[in-house]
Every structure is written in C-alpha cells, then in structure tokens.
Amino acid sequence: MPAKSLPVENDGPDETAGPSKSEQTRALILETAMRLFRERGYDRTTMRAIAQEAGVSVGNAYYYFAGKEHLIQGFYDRIAAEHRAAVREILDRETDLESRLAGVLRAWLDVAAPYHEFAVQFFKNAADPDSPLSPFSQESEHARLEAVSVHREVLAGARRTKVPEELRDVLPELMWLSQMGLVLYWIFDRTEGRERSYRLAERGARLTARGVALARFRVLRPLVLEVHELFTDFLPGMTKVLPDPGRRAAATE
C-alpha cells in the first residue's frame, strides 16, 4: 500500500509576502493622482488624466476609486495610517501628557510635510462645508475617527494625568479639533521648514496638557462638557442628529 501522505501544516498567511497586484495598482493610481493634484491642481486634474499617467484604463481607475473625491479620501486614510505608525515609538516611550501630545503633533507635521503645497491648492475645496472633501464630512469619517483614536491613546497612556470618566470621550475629540487648528495654521505657514507650525505644536501641547489637568476639578467639568456640546451641536460633520427645536415648538402649539 502506498504510504499515506501527511497533511501539510498551514501556519497562516505568509507575512513576508508583498502587496498583491490589486494593492499595487490601487497605490499607483493614488500616487499618480497626488502628483497630478500637486502639479496641476485638484480642479484641473481629471480621472482620465490620472488613468493615462498611471498607465491603466479609465475603467480600471474608476474600479478602485469612484471619483476624485474618493481619491482624496484615500489620501486622508493614508495620512492617518502613516501618522499612527509614526507616533508608535513616541506613545510607547513617553508617559507625560504634554510630551505625548507634542510628539503626536510634531509627527503629523513631519508626515504631512511633502504635501504642503498640495494642501495649499486643495484648501479651497476642503474648506467648503458642503464638500465631501471636508475633513468634517461624512465621507471623511474613517480618517477622522482614526485621528481621534490617536488622541484617545495619548490620554490613556498619560500616567500622571487623571481624566474624569465623564470626560474620557469628550477630551479626545476636543484635542483633535485643536489639531485641526494647527493644520489650518500649517497650510498658511510660509516659514522655512514650517518652523512656526512646530513652535505652535509645542505651545499648544503645553496649554492642552494644562487644560486637561484642570479638568480634573469637578467645578470645571461642566465647562468642558459645554464646550464639547457647542462643537457637536454646531460644527459640520460632528453635529449629532438632533430634533429641530423650532419644529418641536410648532408641533406643541
């Protein structure tokens, strides 16, 4: 009788395997789009031009990205992923809240540096509150939540900072909003190496750390909650689905 063959052990996916052809094509289209956006501007770059430069068919480009807006979402997701990777060493090493936050903000400036001129050109599109390209839009939710989760980790690992339970979900969102203020300043920063943006990151981290430390006092917690409620009620993209007070009043008349 022939010897019975032994089952081949499967140790799981090959961790050394590189990206698939599909992943490579998607990355190529995104890289090409980012280059053309920088060279020609967002409005003057078409999906046909992106496909031609990338050496793929227009149909193939649309297969991976339904339109230019989806390419920008891919860009947002890439920045978020690169930033999370860049902050890993900082968050593993630092335990002081100010040092953790300053490191996270500096890391974002480092990751975003190659895209500064593109961001300047692109700002008028992203600043439109009705645009899916806005960082506050529903389409940008994935990248936004990823960024907020980084700030949640910043707080969680700050050993000497006690965050009241009722503020644990509030503070990371407020910290992300302060980062958006830094991003806006960075877009307009023309100093060499964006030196003033790095200084703003350091000082902003210091003020934020002091504010979080003060939030442990019970008397100040309602103020923090009120600030957060102000943003979630009125800021596009963060607004919760609330009943219209005017309609509710009319219904009771």
Side-chain angles (χ1 to χ4, degrees), residues 17-87 105-148 150 176 179-198 201 236-237:
S20 66
K21 184 176 180 181
S22 176
E23 291 170 332
Q24 291 176 348
T25 302
R26 189 179 193 280
L28 173 63
I29 294 170
L30 183 57
E31 291 287 352
T32 303
M34 291 303 104
R35 176 172 59 82
L36 292 182
F37 289 158
R38 289 194 298 267
E39 293 174 356
R40 306 179 185 181
Y42 177 80
D43 292 331
R44 291 193 298 273
T45 301
T46 64
M47 287 293 286
R48 181 173 296 277
I50 293 168
Q52 184 176 356
E53 286 286 323
V56 302
S57 68
V58 176
N60 207 9
Y62 275 109
Y63 173 80
Y64 289 100
F65 298 96
K68 291 197 298 181
E69 295 88 350
H70 292 263
L71 280 160
I72 296 300
Q73 299 307 325
F75 168 68
Y76 287 164
D77 289 340
R78 169 175 291 189
I79 288 287
E82 289 181 5
H83 183 227
R84 177 168 282 283
V87 303
L105 296 178
R106 285 196 306 267
W108 190 90
L109 293 172
D110 290 342
V111 167
Y115 305 103
H116 183 265
E117 291 309 312
F118 164 65
V120 171
Q121 298 174 26
F122 176 68
F123 174 70
K124 65 184 179 70
N125 301 94
D128 181 353
D130 296 323
S131 171
L133 309 181
S134 166
F136 300 102
S137 69
Q138 280 190 331
E139 291 82 356
S140 303
E141 183 179 28
H142 180 268
R144 183 168 63 250
L145 292 178
E146 188 71 14
V148 171
V150 170
W176 174 76
Q179 179 180 325
M180 287 297 96
L182 173 65
V183 172
L184 180 61
Y185 184 86
W186 170 79
I187 288 172
F188 290 96
D189 187 0
R190 291 297 182 179
T191 57
E192 186 175 354
R194 319 303 161 207
E195 178 265 342
R196 289 182 65 87
S197 294
Y198 282 91

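If you're wondering where the values come from, they're calculated on a predicted model, not measured in any experiment.
- The salt bridge (Lys or Arg N to Asp or Glu O under 4.0 Å) search around Glu31 returns Arg78, not counting sequence neighbours.
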Verdict with reasoning, Trp176 to Val150, per side-chain contact (heavy atoms from CB on, under 4.5 Å):
CA-CA 9 Å; Trp176 174 76; Val150 170; over 6 Å; no
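- Across all their heavy atoms, Thr32 and Ala54 have their closest contact at OG1-CB, 3.6 Å.
- Partners of Glu53 by side-chain hydrogen bond (donor to acceptor under 3.5 Å, both in side chains), not counting sequence neighbours, listed by chain and number: Arg35.
- Between the CG atom of Leu71 and the CE atom of Met47 there is a distance of 5.0 Å, given to the nearest 0.5 Å.
- With sequence neighbours excluded, the residues forming a side-chain hydrogen bond (donor to acceptor under 3.5 Å, both in side chains) with Arg194 are His116, listed by chain and number.
- Contacts of Glu146 classified as side chain to side chain contact (heavy atoms under 4.5 Å, CB included), with partners at least two apart in sequence or in another chain: Ala80, Arg84, Ser149.
- Shortest non-hydrogen contact noted between Thr45 and Arg40 is OG1-CB, 3.7 Å.
- Under the rule for a salt bridge (Lys or Arg N to Asp or Glu O under 4.0 Å), Asp110 has no partner lying at least two apart in sequence or in another chain.
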Assess whether side-chain contact (heavy atoms from CB on, under 4.5 Å) is satisfied between Ile50 and Ile29, documenting all intermediate values.
CA-CA 7 Å; Ile50 293 168; Ile29 294 170; 4.1 Å; yes
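- Within the 4.5 Å cutoff, the side chain of Tyr76 has no heavy atoms near those of the His142 side chain.
- Residue pairs that meet the ring-ring contact (aromatic ring centres under 6.0 Å, His included) test with at least one member in residues 36-64, sequence neighbours left out, are Phe37-Tyr42, Phe37-Phe118, Tyr42-Phe122.
- Looking at every heavy atom in both residues, Gln73 comes nearest to Pro132 through NE2-O, 2.9 Å.
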Name every donor-acceptor pair, under 3.5 Å, that has one atom in a side chain of residues 184-191 and the other anywhere in the protein, sequence neighbours excluded.
from, atom 1, to, atom 2, distance (Å)
Tyr185, OH, Arg196, NE, 2.8
Asp189, OD1, Thr191, N, 2.9
Asp189, OD1, Thr191, OG1, 2.6
Asp189, OD2, Thr191, OG1, 3.2
Asp189, OD2, Ser197, N, 3.0
Asp189, OD2, Ser197, OG, 2.7
Arg190, NH1, Glu117, OE2, 3.1
Thr191, OG1, Glu195, N, 3.1
Thr191, OG1, Arg196, N, 3.3

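- Closest heavy-atom contact between Ala49 and Leu36: O-CD1, 3.8 Å.
- Pairs of residues two or more places apart, or lying in two chains, never qualify as salt bridge (charged side-chain N to carboxylate O under 4.0 Å, His left out) while including a residue from residues 132-141.
- To the nearest 0.5 Å, the span separating CD1 on Ile72 from CG on Leu30 amounts to 8.5 Å.
- Side-chain atoms of Ser140 and Ser137 include a donor-acceptor pair closer than 3.5 Å.
- Listed by chain and residue number, Glu202 satisfy the salt bridge (Lys or Arg N to Asp or Glu O under 4.0 Å) test with Arg106 (two or more places apart in sequence, or in another chain).
- With sequence neighbours left out, Asn60 forms a side-chain hydrogen bond (donor to acceptor under 3.5 Å, both in side chains) with no residue at all.
- Here the side chains of Arg144 and Pro135 are not in contact, with every heavy-atom distance at 4.5 Å or above.
- Residues that satisfy the side-chain hydrogen bond (donor to acceptor under 3.5 Å, both in side chains) test with Glu192, not counting sequence neighbours, are absent from this structure.
- The nearest pair of heavy atoms linking His70 to Phe65 is O-CD2, 3.7 Å.
- Among residues two or more places apart in sequence or in another chain, the side chain to side chain contact (heavy atoms under 4.5 Å, CB included) test is passed with Val111 by Ile79, Glu82, Ala86.
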